[in-house]
Amino acid sequence: MSLSISEDYTPKEVETAAQDYWREHGSFKVEVNLAKPKFYCLSMFPYPSGRLHMGHVRNYTIGDVISRFQRMRGFNVLQPMGWDAFGLPAENAAMKHNVPPAQWTYENIAYMRKQLQQLGYAYDWDREIATCHPDYYRWEQWFFCRLFEKGLVYKKDAEVNWDPIDQTVLANEQVIDGRGWRSGALVERRKIPQWFIKITDYADELLRDLDKLDGWPERVRVMQQNWIGRSEGLEFEFKVAGSKDIFTVYTTRPDTIMGVTYCAIAAQHPLALQAATSNPALAAFIKRQDNIKLAEADMATLEKEGMDTGIKAIHPLTGELVPVWVANFVLMSYGSGAVMSVPAHDQRDYEFAQKYKLAIKQVIMPGGHQNCDIKKAAFVDKGLLIDSGIYTGLNFKQAFEQLTTYFLTQGTGRKTVNFRLRDWGVSRQRYWGTPIPIINCNSCGAVRVPDADLPVILPVDVEFDGSGSPIKKMDSFINCICPSCGGKAERETDTFDTFMESSWYYTRFTCARYAEGMLNKKEVSYWLDVDQYIGGIEHAILHLLYSRFFHKLLRDEGLVTTDEPFKRLLTQGMVLKDGTKMSKSQGNTVDPEGLIAQYGADTVRMYMMFTSPPDQSLEWSDSGVEGAYRFLKRLWKIIGSFSPAPAPLVLAQLNEVQKELRLKTHSTIKKVSDDYERRQVFNTAIAAVMELYNDLSKYCTTQIVQDGGQHQAVVQEAMEAMVLLLAPIVPHMCHVLWHHLGKQGAVIDAAWPGYDESALVQNKVSIAAQVNGKLRTVLELAAGSSKESIEAAAFSNETILKFTNGFTVRKVIVVPDRLINIVVS
RNA sequence: GCGGACGUGGCGAAACGGCAGACGCGCUGGAUUUAGGUUCCAGUACCAUUGGUGUGAGAGUUCAAGUCUCUCCGUCCGCACCA
């Protein structure tokens with residue numbers, strides 16, 4: 001090591017030296033080694049938007065810290081990096097700057113790769129993936145074809161946001177207040193044929209296997225469970241009065257059927273459309289519903305509106321006629337597009353009935369001590385049936401069973417399990433995505449592209465004119481021969497949802513350059529599953545659910561052998577400045593590059609890890625960065641000014657002060673190891689090392705140096721511990737300091753330190769002494785004192801007696817070595 | 001609207017039902033310095049004199065609650081075509 005440590009801390013030199021070493025030694029290249037346990041640590045790959053932002057820096061620092069820690073613990077660590085390279089921003093950039101999306105994307109990748117390298121992340125760059133590269137997406141096309149053959153994909157009409165001026169389909173985020181973001185035109189809903197993957201076939205398994213994910217945050221599992229939304233209910237028919245028509249509804253509350261006073265159907269329901277032909281007002285109402293944004297959140301906050309169709313439905317139990325209304329909150333795409341309405345026992349139905357003066361009939365009475373007033377609000381809890389003919393007096397469960405049996409014997413209904421989860425629509429009417437490998441033939445229909453013709457390559461030499469995808473007008477791309485009949489046919493011009501690429505990239509990292517197939521069995525069986533996955537909480541549902549689904553599809557294709565992709569999940573919080581999310585539009589971004597230039601990568605990494613625990617949001621502060629920098633300078637100085645000595649540690653020769661320092665060293669190792677491994681909180685780990693530094697610094701300034709004695713040995717031990725414990729977070733500096741401490745080899749290859757139990761033994765402990773739960777004094781007692789002696793000590797303490805005298809002692813609680821609480825009255 | 005989380009000093013936070021505020025920032029005072037900066041030392045929740053009060057608000061469970069339960073308020077994430 002040529003770097004002189006007696007000088008001031010110069011991050012640039014330190015970081016160049018360490019990074020040169022890693023590069024020259026190929027330190028982070030990994031391959032299968034069956035003799036060694038593996039650890040696959042993955043951070044969610046970025047969209048190559050142009051420059052790294054602080055959210056990336058945080059995400060990738062967490063991943064790198066865990067990777068380096070696990071390496072020191074003896075694992076063969078795979079930490080790859082790649083690019084989620086397809087997506088909308090590339091097309092926007094193309095229109096704005098007149099650059100083809102491919103060029104824009106690859107330039108961004110080159111720039112961001114350089115930024116990641118500056119931060120010193122321990123990636124195996126030989127495995128780098130860009131999803132927009134044909135070597136990647138060809139296998140996605142191949143896999144889609146396998147699903148096609150298995151009948152797991154299908155085509156159906158589905159609604160999109162249509163911009164009538166730009167003549168293009170808009171993403172939800174491109175619709176602002178019901179208008180197209182560029183044209184300002186009122187957005188219409190339009191139905192077009194699209195491809196779907198049958199995720200609902202796996203709904204039960206996706207729900208059930210959440211139980212296996214004990215390394216996932218509880219909140220993510222709960223969110224997924226609610227998203228899948230399994231419910232059991234009754235599906236039954238209503239007959240339309242004076243007609244042969246019937247329509248089906250689904251309810252989870254069959255016990256309230258006697259309370260049905262109307263039915264509500266979607267604007268696009270066949271009955272509504274039929275009724276509209278002879279009812280201009282209704283037709284106009286239905287037409288108005290076309291301009292509503294597709295997003296569920298907008299739908300839910302919509303003012304509830306409806307209109308009577310004039311149709312009457314026959315109540316299946318009473319035979320009474322109930323009106324059928326069109327309602328804007330009933331969606332054709334959910335269930336059957338029709339619901340039974342029980343205003344007395346459903347809040348939304350209640351509000352609708354109030355608004356349109358529809359009847360409200362109470363049929364459930366609260367059990368127990370509950371009160372309810374139907375005049376004020378719906379009573380939505382379960383209770384006992386009233387005014388329900390032969391069902392009166394039953395509870396929910398009994399009514400559910402008897403009613404489902406009734407409908408079953410009538411042949412007009414059945415018990416069903418329903419999921420909120422809908423099939424995954426993967427078609428996008430965009431250019432910058434994976435071409436869907438389908439050929440449409442007039443005589444053969446939709447035919448998959450044969451394996452030999454894969455990949456279907458996306459043409460990259462394109463120009464954007466602002467209206468739709470360029471390949472939709474590119475005859476050379478569209479015109480082709482039907483692989484089935486040999487006749488003229490047209491290629492599918494839609495591309496895949498970009499969630500497709502990110503649903504399986506973690507598997508491809510195990511064999512990124514494999515050309516003989518989608519996945520290499522040998523690599524996959526060694527590296528998978530991902531042991532640690534790290535990414536933003538915003539991906540808690542969609543990306544993580546699609547990936548779990550894809551893993552099961554891969555399993556059923558024989559490509560992987562496990563049920564779940566990610567053993568342990570860490571969801572990191574956002575990076576904020578001035579209390580709001582850092583974003584370009586807010587103008588409150590902090591550029592990581594400038595900070596690296598000013599303070600070095602180690603300071604940036606350290607600050608990121610020190611400021612908050614990983615799963616909380618992180619509030620940016622410039623002065624906080626200064627603090628991290630100062631600490632690193634101090635660390636550099638104290639170790640730099642120390643001359644390492646070979647003096648062996650002789651426990652019997654330690655004096656009391658040296659024993660205390662040693663206690664601090666080893667309790668720090670214990671605490672920090674637990675923080676890294678079990679708790680995954682790095683701010684407290686750093687704080688603990690800072691405490692050790694403070695103790696060491698105090699020790700060094702107050703103790704007289706005795707060369708060759710135990711002084712040197714305990715200081716050396718403390719310094720080695722600090723360097724090892726910080727090495728995953730501050731890898732460049734620790735690389736240099738390690739050599740300065742006289743160590744052979746690189747710190748990345750050093751073993752994680754263990755702690756000496758015997759160093760942790762304390763002979764005295766402080767015990768909190770409380771009276772009625774309030775702290776009154778602290779007792780200094782021998783460690784391991786018996787309950788009796790703690791009590792005796794408390795009752796002979798002046799302060800305690802001051803608060804107990806004149807009262808009767810009711811109870812005494814003693815927690816050995818920690819606390820005594822005396823309850824008096 | 002629905003689902004999920006979060007709310008603690010001037011600020012970022014710690015406390016894994018058992019001593020609230022570790023660690024860091026900032027601030028105040030002091031030392032070093034021609035000065036500024038750096039570095040080092042001491043202090044720093046609030047109110048008051050022994051002591052009292054404090055973890056968004058209110059209730060509850062417990063010997064003991066920032067932590068568990070419920071209600072409310074606020075903020076954030078997701079809501080299926082942003083990634």
Side-chain angles (χ1 to χ4, degrees), chain A residues 44 46-47 49 84 86-89 158 160-161 169-175 194 217-220 222-227 229 294-302 304 329 347-348 420-430 497-499 502 536-543 545-546 571 573-574 576 579-581 607 610-613 615-628 630-631 633-634 637 674 678-679 681 683-684 686-691 693-694 697 701 766-770 772-778 802 810-813 815 818-823:
Chain A
M44 289 181 186
Y47 178 79
S49 53
D84 191 11
F86 275 137
L88 213 44
V160 292
N161 301 308
V169 174
L170 299 177
N172 282 337
E173 72 158 10
Q174 297 174 314
V175 182
Q194 309 198 61
E218 176 69 12
R219 65 167 190 258
V220 176
V222 171
M223 279 191 260
Q224 292 216 349
Q225 182 183 319
N226 292 334
W227 184 262
L294 284 175
E296 196 196 49
D298 297 289
M299 225 90 80
T301 48
L302 221 59
K304 312 271 176 290
F329 56 84
Q347 192 56 34
R348 193 172 59 181
R420 205 186 80 93
L421 182 69
R422 311 196 297 260
D423 275 339
W424 179 11
V426 294
S427 294
R428 296 292 180 271
Q429 297 71 41
R430 318 223 182 285
D497 177 7
T498 56
F499 276 124
S502 57
I537 183 67
E538 66 272 20
H539 297 292
I541 294 176
L542 291 180
H543 164 62
L545 188 66
Y546 290 141
T571 48
M574 292 187 315
L576 312 175
T580 51
K581 192 176 177 170
Y607 172 71
F610 179 61
T611 297
S612 338
D615 57 349
Q616 265 179 47
S617 59
L618 180 151
E619 177 67 35
W620 184 264
S621 135
D622 291 330
S623 54
V625 183
E626 289 278 356
R630 271 207 296 267
F631 175 74
K633 281 196 284 190
R634 283 200 287 263
K637 199 166 158 189
D674 188 47
R678 181 181 63 87
R679 305 205 316 145
V681 284
N683 56 334
T684 50
I686 293 170
V689 176
M690 284 174 168
E691 281 189 52
Y693 167 87
N694 290 342
S697 164
T701 51
S766 354
I767 292 174
Q770 302 177 331
N772 284 346
K774 280 190 179 155
L775 182 71
R776 293 306 175 185
T777 190
V778 175
K802 219 162 66 186
R810 298 288 172 196
K811 204 169 182 177
V812 179
I813 286 109
V815 183
R818 294 202 68 116
L819 167 144
I820 177 169
N821 186 15
I822 299 160
V823 184

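Side chains are part of it too, since the values below use all heavy atoms of this structure and drop only hydrogens, waters and symmetry mates. Throughout, protein chains are lettered first and strands after them, A, B, ... in sequence-line order, and every chain is numbered starting at 1.
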Between the protein and nucleotides 50-52 of chain B, are there any N/O to N/O pairs under 3.5 Å, and if so, what are the atom names and distances?
from: rG51(B); atom 1: OP1; to: K802(A); atom 2: NZ; distance (Å): 3.2
from: rG52(B); atom 1: OP1; to: R776(A); atom 2: NH1; distance (Å): 3.4
from: rG52(B); atom 1: OP1; to: R776(A); atom 2: NH2; distance (Å): 3.3
from: rG52(B); atom 1: OP2; to: R776(A); atom 2: NH1; distance (Å): 3.0

Selected nucleotide, minimal atom distance to V815(A) side chain, candidates rU39(B), rG3(B), rG18(B): rG18(B)
Residue I813(A), side-chain heavy atoms: nucleotide from rG4(B), rC63(B), rC79(B) that is nearest: rC63(B)
Sugar-phosphate only, base, or nothing, as touched by L88(A) at under 4.0 Å among non-hydrogen atoms: sugar-phosphate
Sugar-phosphate only, base, or nothing, as touched by L421(A) at under 4.0 Å among non-hydrogen atoms: base
Pairwise C1' distance, rG54(B) and rA42(B) [rounded to whole Å]: 26 Å
Mutual orientation of the aromatic rings belonging to W424(A) and Y546(A) [parallel < 30°, tilted 30-60°, perpendicular > 60°]: parallel
C1' spacing across the pair rC11(B) / rU38(B), given as an integer number of angstrom: 23 Å
L775(A), nearest nucleotide to its side chain (from rC63(B), rG1(B), rC19(B)): rC19(B)
Sugar-phosphate only, base, or nothing, as touched by R219(A) at under 4.0 Å among non-hydrogen atoms: sugar-phosphate
Parallel, tilted or perpendicular: rings of F499(A) and H543(A) (30°, 60°): parallel
Closest contact, heavy atoms only, A540(A) versus V220(A): O-CG1, 3.7 Å
Test item: side-chain donor near acceptor, R634(A) and S697(A), under 3.5 Å: no
Q194(A) side-chain N/O to V426(A) backbone N/O, donor-acceptor pair under 3.5 Å: no
Sugar-phosphate only, base, or nothing, as touched by S766(A) at under 4.0 Å among non-hydrogen atoms: base
Flag, side chain of R420(A) to backbone of W227(A), donor-acceptor distance under 3.5 Å: yes
Integer-rounded Å distance: rC2(B) P and M223(A) CE: 17 Å
Touch class at under 4.0 angstrom, heavy-atom based, for F499(A) against every strand present: base
Between rG18(B) and rU67(B) - P atom distance, rounded Å: 11 Å
Sugar-phosphate, base or nothing in reach of A295(A), heavy atoms under 4.0 Å: sugar-phosphate
rG56(B) to rG66(B) separation - P atoms, rounded to the nearest Å: 10 Å
Sugar-phosphate only, base, or nothing, as touched by S502(A) at under 4.0 Å among non-hydrogen atoms: nothing
Out of rG4(B), rA83(B), rC79(B), whichever nucleotide has its closest atom nearest the side chain of E296(A): rC79(B)
Nearest-angstrom distance from the residue atom CD of E619(A) to P of rC76(B): 13 Å
Nearest heavy atoms of E173(A) and L88(A), plus distance in Å: OE2-CD2, 4.3 Å
Atom-to-atom span, CG of L576(A) to P of rA13(B) - whole angstrom: 9 Å
Conformer about C1'-N of rG9(B) - syn within 90° of 0, anti elsewhere: syn
Residues F631(A), F610(A); criterion ring-ring contact (aromatic ring centres under 6.0 Å, His included); working and verdict: CA-CA 11 Å; F631(A) 175 74; F610(A) 179 61; 8.3 Å; no
Separation between the C1' atoms of rA15(B) and rG9(B), rounded to whole Å: 15 Å
Touch class at under 4.0 angstrom, heavy-atom based, for M574(A) against every strand present: sugar-phosphate
R219(A), CZ atom: more than 12 neighbouring heavy atoms under 6.0 Å: yes
Spacing of E173(A) atom CD relative to rC77(B) atom C1', expressed in whole Å: 16 Å
rG26(B) to rG37(B) separation - P atoms, rounded to the nearest Å: 12 Å
Least distance between heavy atoms, L775(A) atom then A768(A) atom: CD1-CB, 3.7 Å
Intra- and inter-strand pairs of RNA chain B in dot-bracket (Watson-Crick or G-U wobble, both distances under 3.5 Å; | for another strand): (((((((..(((.....[....)))((((((.......))))))(((...)))..(((((..]....))))))))))))....
5′-ward residue of the pair E538(A)/A768(A) relative to RNA chain B: A768(A)
Touch class at under 4.0 angstrom, heavy-atom based, for W620(A) against every strand present: nothing
Closest contact, heavy atoms only, S617(A) versus L576(A): OG-CD1, 3.7 Å
Base rC16(B) to side chain R678(A), donor-acceptor N/O within 3.5 Å cut-off: yes
Backbone N/O of S621(A) and side chain of Y607(A): donor-acceptor pair under 3.5 Å: yes
Touch class at under 4.0 angstrom, heavy-atom based, for P613(A) against every strand present: sugar-phosphate
Atom-pair distance (CZ on R679(A); C1' on rA14(B)), nearest Å: 9 Å
Touch class at under 4.0 angstrom, heavy-atom based, for V160(A) against every strand present: base
Closest to the T301(A) side chain, choosing from rG1(B), rA80(B), rG78(B): rG1(B)
Approximate separation, where rounding is to 0.5 Å, of T611(A) OG1 and E619(A) CD: 10.0 Å
Q616(A) vs rA14(B): side-chain N/O to OP1/OP2 distance below 4.0 Å: yes
Sugar-phosphate only, base, or nothing, as touched by R818(A) at under 4.0 Å among non-hydrogen atoms: sugar-phosphate
Sugar-phosphate, base or nothing in reach of V823(A), heavy atoms under 4.0 Å: sugar-phosphate
Sugar-phosphate only, base, or nothing, as touched by H543(A) at under 4.0 Å among non-hydrogen atoms: nothing
For atom CG of L542(A) and atom C1' of rC77(B), their distance in whole Å: 12 Å
P gap between rG58(B) and rC41(B), integer Å: 42 Å
Which atoms of nucleotides 21-27 of chain B (N or O only) lie under 3.5 Å from a protein N or O atom, and what are those distances?
from: rA22(B); atom 1: O2'; to: E691(A); atom 2: OE2; distance (Å): 2.9
from: rG24(B); atom 1: OP1; to: N694(A); atom 2: ND2; distance (Å): 3.3
from: rC25(B); atom 1: OP1; to: R630(A); atom 2: NE; distance (Å): 3.2
from: rC25(B); atom 1: OP1; to: R630(A); atom 2: NH2; distance (Å): 2.8
from: rC25(B); atom 1: O2'; to: S623(A); atom 2: OG; distance (Å): 2.7
from: rG26(B); atom 1: OP2; to: R630(A); atom 2: NH2; distance (Å): 2.9

Polar side-chain atom of N821(A) near backbone of I813(A) as donor-acceptor pair, under 3.5 Å: no
Y607(A) OH - rC11(B) C1' separation (whole Å): 10 Å
Side-chain donor/acceptor of Q174(A) to backbone N/O of A171(A), under 3.5 Å: yes
Distance between P atoms of rA13(B) and rC72(B) (Å, rounded): 27 Å
